[in-house]
Amino acid sequence: AGMTEQPLSLHSSISSSHTLNRDLYMNTLLEAVQSLSRTLNLNQLLHDLSQKMLHHAGADYCAVILPNDQGEYHLEAIATPTHIDRCSIALGEDVVPAHLPLKLIRYVKNTQEVVILDQLQTSLPVIDDVLRQLNPQSVLCFPLLNQGQCAGILYLSNQLTRDVFTSDRLTILNVLGAEAAIALDNARLYTNLQEPSAILTLPAEAPESAAPDITEGDLLEEIVGTVSVSELASYLDADDALADLGDEEQSELIAMLDQH
């Protein structure tokens, strides 16, 4: 006897559709996280980060603010749905880039808190003339934290739509933000490794003849798990140790950076 085909119900069709949409979105989010983790070029990372934040947040404006080695914060990227601009503008007392609410950004920098504003309604001391003039309907500003340290600050807004930054979107942005903080620290390290001053040094008391002949792979094996990322620049010479690495050694280095 032939099998009887069961009719599809509306409920089962909707459920299957929701499951498919969820799986597709999770795959997209996973790809976004992996893309950030693999990018060591700071310019490319800032481009990808601002683009992905706009997409997943539902914002129409994104500003990326980063600290330099001296702890001074600079506006490094501005993104809208139509273009992304790379810049470097110090956020001093007398420097107020257009569309950037410094009072809010300084509050987030000092408190490391996430701030969400709906129609600028808040009791927090974060409203300034820039926000009053622009009057965005939705605002989100949050720190990118890596091991308790601020690797950057993101300012996102939607000019026309209120209640954009929902709890679901915040959950997704938290995942992306955590990966972005690690990726930014890794990208800065990679940039520093390309400086001529990042050289491999041997102990002064060690005789030259006692120095073993090691390959770059041996050096990586010796370093992995024994030094912090911030110390790595004093051990590796970008012109030698990095440029001469084979594919396997490069993968080991990237894997090590991803773990920190």
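Every heavy atom of this structure was used, including side-chain atoms; hydrogens, water molecules and symmetry mates were not.
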Under the rule for side chain to side chain donor-acceptor pair (under 3.5 Å), what residues qualify as partners of [X], not counting sequence neighbours?
X      : result
Thr80  : Thr82, His83
Asp60  : none
Asp128 : none
Glu113 : Tyr107

Heavy-atom pair with the smallest gap, counting every atom of [X] and [Y]:
X      : Y      : result
Leu144 : Leu49  : CD1-CD2, 4.3 Å
Ala79  : Ile84  : CB-CG1, 3.8 Å
Ala151 : Leu66  : O-CD2, 3.5 Å
Glu76  : Ser88  : OE2-OG, 3.5 Å
Ala63  : Ile65  : O-CD1, 3.9 Å
Ala59  : Ser157 : CB-O, 3.3 Å

Can you check whether [Y]'s main-chain N or O pairs, donor with acceptor, with [X]'s side chain at less than 3.5 Å?
X      : Y      : value
Asn158 : Val139 : no
Arg86  : His47  : no
Asn146 : Gln149 : no

Just verifying a value: how many Å separate [X] [atom1] and [Y] [atom2], rounded to the nearest 0.5 Å?
X      : Y      : atom1 : atom2 : result
Leu91  : Ile105 : CG    : CD1   : 6.5 Å
Ile153 : Gln112 : CD1   : CD    : 9.0 Å
Leu40  : Arg188 : CG    : CZ    : 13.0 Å
Leu46  : Asp85  : CG    : CG    : 12.5 Å
Thr39  : Glu179 : OG1   : CD    : 10.0 Å
Lys103 : Leu124 : NZ    : CG    : 10.5 Å

### Verdict with supporting geometry, Val130 and Leu102, side chain to side chain contact (heavy atoms under 4.5 Å, CB included)
CA-CA 8 Å; Val130 173; Leu102 293 188; over 6 Å; no
### Message
Taking side-chain hydrogen bond (donor to acceptor under 3.5 Å, both in side chains) as the cut-off, I'd like each qualifying pair that reaches into residues 166-178, sequence neighbours left out, listed once.
### Response
none
Contact check, side chains of [X] and [Y], non-hydrogen atoms, under 4.5 Å:
X      : Y      : answer
Phe142 : Val115 : no
Pro143 : Thr111 : no
Leu184 : Leu42  : yes
Cys141 : Leu154 : no
Tyr61  : Gln159 : no
Leu117 : Ile127 : yes
His74  : Ile89  : no
Pro67  : Glu72  : no

### Query
Can you get from Met53 to Leu145 by hopping between Ile, Leu, Val, Met, Phe, Trp and Tyr side chains that sit under 4.5 Å apart?
no
### Query
Honestly curious: do Leu140 and Leu54 fall in one hydrophobic cluster under the side-chain, below-4.5 Å linking rule?
no
### salt bridge (charged side-chain N to carboxylate O under 4.0 Å, His left out) pairs, two or more places apart, involving residues 115-127
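For residues 115-127: Asp118-Arg162.
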### Task
Assess the side chains of Gln44 and Asp48: does a donor N or O sit below 3.5 Å from an acceptor N or O?
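The answer is yes; a qualifying pair exists.
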